[in-house]
Amino acid sequence: QVQLVESGGGLVQAGGSLRLSCAASGRTFSRYAMAWFRQAPGKEREFVEAISRSGSTTYYADSVKGRFTISRDDAKNTLYLQMNSLKPDDTAVYYCAASSLVTASTAQAQYDYWGQGTQVTVSS
């Protein structure tokens with residue numbers, strides 16, 4: 001089992017940047033493919049970005065293409081999401097998730113462990 005704790009959320013103006021972190025504890029972090037999802041008020045949770053166990057493969061939603069970058073540091077047991085050129089539509093609670101799959105997935109059902117989420121609010 002792995003425990004996940006997100007941090008780095010906050011209030012930022014449109015066009016600004018934030019970096020989210022997800023600290024993992026418990027089982028070996030490098031055994032998991034990882035992902036970020038988000039849930040805006042009144043909407044279903046949606047996929048943002050994912051990264052494979054090795055870090056060699058990443059997937060991203062079209063809505064964040066060219067603006068967000070996922071990365072992982074296995075030595076620090078930490079997942080990151082660098083978010084640039086933020087828009088009001090990016091406002092949501094952001095969750096990190098871990099999957100025992102070797103490759104990453106965009107499907108929520110493939111993820112076994114979830115963090116509690118961190119709020120990101122982008123003002124116009």
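Small disclaimer: the values here were computed from a predicted structure and weren't measured.
- Under the 4.5 Å side-chain heavy-atom criterion for Ile, Leu, Val, Met, Phe, Trp and Tyr, Tyr94 and Ile70 are members of the same hydrophobic cluster.
- Asp112 contributes atom CG, which lies 10.0 Å from atom CD of Gln1 (distance to the nearest 0.5 angstrom).
- Looking at Ser52, its side chain does come within 3.5 Å of a backbone N or O of Thr57 through a donor-acceptor pair.
- Closest heavy-atom contact between Tyr95 and Gly115: CD2-O, 3.6 Å.
- In this structure a side-chain-to-backbone donor-acceptor pair under 3.5 Å is present from Arg72 to Phe29.
- Taking the side chain as every heavy atom from C-beta outward, Leu79 and Trp36 approach each other to under 4.5 Å.
- At a threshold of 4.5 Å between non-hydrogen side-chain atoms, the residues Leu18 and Phe68 do not count as touching.
- If you take CG on Leu86 and CD on Gln13, they are separated by 11.5 Å, rounding to the nearest 0.5 Å.
- When all heavy atoms of Gly9 and Leu20 are compared, the pair lying nearest together is N-CD2, 3.6 Å.
- Atom CG of Asp74 sits about 9.5 Å away from atom OG1 of Thr28, to the nearest 0.5 Å.
- Nearest heavy-atom pair across Thr78 and Ala23 is OG1-CA, 4.4 Å.
- The shortest distance between side-chain heavy atoms of Met83 and Asp90 does not fall below 4.5 Å.
- Listed for the Glu6 side chain is a donor-acceptor partner under 3.5 Å among the backbone atoms of Gln116.
- Taking SG of Cys22 as the start and CG of Asn77 as the end, the distance is 10.5 Å to the nearest 0.5 Å.
- Using a 4.5 Å heavy-atom threshold, the side chains of Val64 and Arg38 count as touching.
- The heavy-atom pair separating Thr91 from Pro41 by the smallest distance is O-CD, 4.3 Å.
- Between the side chain of Ser105 and the main chain of Ala107, a donor-acceptor pair closer than 3.5 Å is present.
- Side-chain contact between Arg53 and Leu101 is absent, with no heavy-atom pair separated by less than 4.5 Å.
- Pairs engaging residues 47-66 under the ring-ring contact (aromatic ring centres under 6.0 Å, His included) rule: Phe37-Phe47 [sequence neighbours left out].
- Closest approach of Thr58 to Ile51, counting heavy atoms only: CG2-CG1, 3.8 Å.
- The two residues Lys87 and Val122 come nearest to each other via the heavy atoms O-CB, 3.2 Å.
- With sequence neighbours left out, the salt bridge (charged side-chain N to carboxylate O under 4.0 Å, His left out) criterion links Arg31 to no other residue.
- Between Tyr113 and Tyr32, the two ring planes are perpendicular [angle over 60°; tilted spans 30° to 60°].
- When atom types are taken as modelled, the side chain of Ser56 and the backbone of Ser54 share no donor-acceptor pair closer than 3.5 angstrom.
- Note on Tyr111 and Val2: separate hydrophobic clusters, where clusters join Ile, Leu, Val, Met, Phe, Trp and Tyr whose side-chain heavy atoms are under 4.5 Å apart, directly or indirectly.
- Chaining together hydrophobic side chains whose heavy atoms lie under 4.5 Å apart leaves Val102 on its own.
- Tyr80 is listed as a side-chain neighbour of Arg19, based on a closest heavy-atom distance under 4.5 Å.
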